[in-house]
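Order of appearance sets the numbers: ligands from 1, and atoms from 1 within every ligand. The chain is numbered in sequence order, starting from 1. All of these numbers come straight from a predicted model, not from anything done at the bench.
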Amino acid sequence: MGRGGIYYFKRATVTYYQACLTLARKMVRVFALALDQPEDAFDGMSIFLGANGTINFYPPIRVSTENENGAEDSIGIGSHTDIQSFTLLYQDDVGGLNIINLDNEWIEATPVPGTFIVNIGDFLMRTTNDRWKSTVHRVNTNRSEKPRMSLPLFFGFNLSHRCAVLDSCIDSEHPAKYPPYVNMLMNKFFNKQTVESK
Ligand SMILES: O=C(O)CCC(=O)C(=O)O
Ligand SMILES: [Fe+2]
């Protein structure tokens with residue numbers, strides 16, 4: 001890519017990122033209503049937020065090889081949940097993303113043109129007292145002919161936000177499972193500092 005290419009790449013990336021943020025800020029209003037909260041309940045938490053975007057590239061791996069343990073080598077992403085509030089995930093048409101459904105089975109998240117996948121993250125799961133579950137997902141080795149790309153935007157509430165389980169997610173059968181807490185990313189950062197300074 002020449003220098004001009006980098007310029008257009010940056011411009012397209014920033015434009016995409018900003019459009020995702022605009023969409024995400026609209027989505028938190030839908031989420032608030034769905035959780036029986038005032039529409040603007042999350043607005044103030046979505047200002048100085050931690051929102052990271054990445055571009056994931058999965059090269060095609062046509063030849064299957066074994067590592068020293070006899071297991072098949074893989075290049076993908078192991079099963080995990082995203083830690084922020086939610087993820088807006090664009091994937092191209094190659095496929096390979098799997099999620100665990102409510103029956104605890106791995107299923108394909110088959111690409112649907114013109115759509116995003118929305119993965120609930122751990123932070124929103126805690127905020128909703130586990131009413132909304134963070135999605136366990138993984139990406140398999142790309143065995144297709146062509147490279148795969150995905151663009152996740154991990155949308156988190158304000159890093160300093162001290163958040164409690166929403167009152168609308170608590171009742172006599174569902175007492176609050178979590179004490180008030182500061183945004184997890186911040187906690188993670190502090191924990192890391194503490195461990196490293198020991
Ligand atoms: O590539 C994908 O479809 C998912 C990527 C992902 O799970 C992640 O970056 O956290
Ligand atoms: Fe993920």
Novice: Ring centroid separation for F31 and F42, is it under 6.0 angstrom?
Specialist: no

Novice: Taking atom types as modelled, is there a side-chain donor on H137 or D82 under 3.5 Å from an acceptor on the other?
Specialist: yes

Novice: What is the minimum heavy-atom distance between I170 and A176, and which atoms define it?
Specialist: CD1-CB, 3.8 Å

Novice: Test your reading of the model: is there a side-chain donor-acceptor pair from N142 to the backbone of K146, 3.5 Å cut-off?
Specialist: yes

Novice: Could you tell me, atom by atom, which parts of ligand 1 come under 4.0 Å of a heavy atom of S150?
Specialist: 1 (O), 2 (C), 3 (O)

Novice: What part of L89 sits under 4.0 Å from ligand 1 if we count only heavy atoms: the side chain, the backbone, both or neither?
Specialist: side chain

Novice: N56 heavy atoms, cut-off 4.0 Å: which ligand 1 atoms fall inside?
Specialist: 1 (O), 5 (C), 9 (O)

Novice: With a 4.0 Å cut-off on heavy atoms, does Q91 reach ligand 1?
Specialist: no

Novice: Is ligand 1 under 4.0 Å from a heavy atom in the side chain of D82, in the backbone, in both, or in neither?
Specialist: side chain

Novice: Mind checking whether Y58 and S150 have side chains closer than 4.5 Å, heavy atoms only?
Specialist: yes

Novice: Only heavy atoms of R148, strictly under 4.0 Å: list the atoms of ligand 1 that pass.
Specialist: 1 (O), 2 (C), 3 (O)

Novice: Tell me which N, O or S atom from H80 is the closest to the Fe ion (ligand 2).
Specialist: NE2

Novice: Under 4.0 Å from a heavy atom of V139: which atoms of ligand 1 are those, numbered in the order shown and with their elements?
Specialist: 1 (O), 2 (C), 3 (O), 4 (C)

Novice: For N/O/S atoms only: which one belongs to D82 and is nearest the Fe ion (ligand 2)?
Specialist: OD1

Novice: Taking distance alone, with N or O pairs closer than 3.5 Å, would you say H80 contacts ligand 1?
Specialist: yes

Novice: Which ligand 1 atoms, with their elements, are less than 4.0 angstrom from a heavy-atom of P152?
Specialist: 9 (O)

Novice: Mark up the atoms of ligand 1 that fall under 4.0 Å of a heavy atom belonging to F154, in ascending order.
Specialist: 8 (C), 9 (O), 10 (O)

Novice: Between F155 and F86, how do the two ring planes meet: parallel, tilted or perpendicular, split at 30° and 60°?
Specialist: tilted

Novice: Quick check against the 3.5 Å criterion: does T22 have a side-chain atom that pairs as donor or acceptor with the backbone of Q18?
Specialist: yes

Novice: Taking the six-membered ring for Trp, are F116 and Y16 parallel (under 30°), tilted (30 to 60°) or perpendicular (over 60°)?
Specialist: tilted

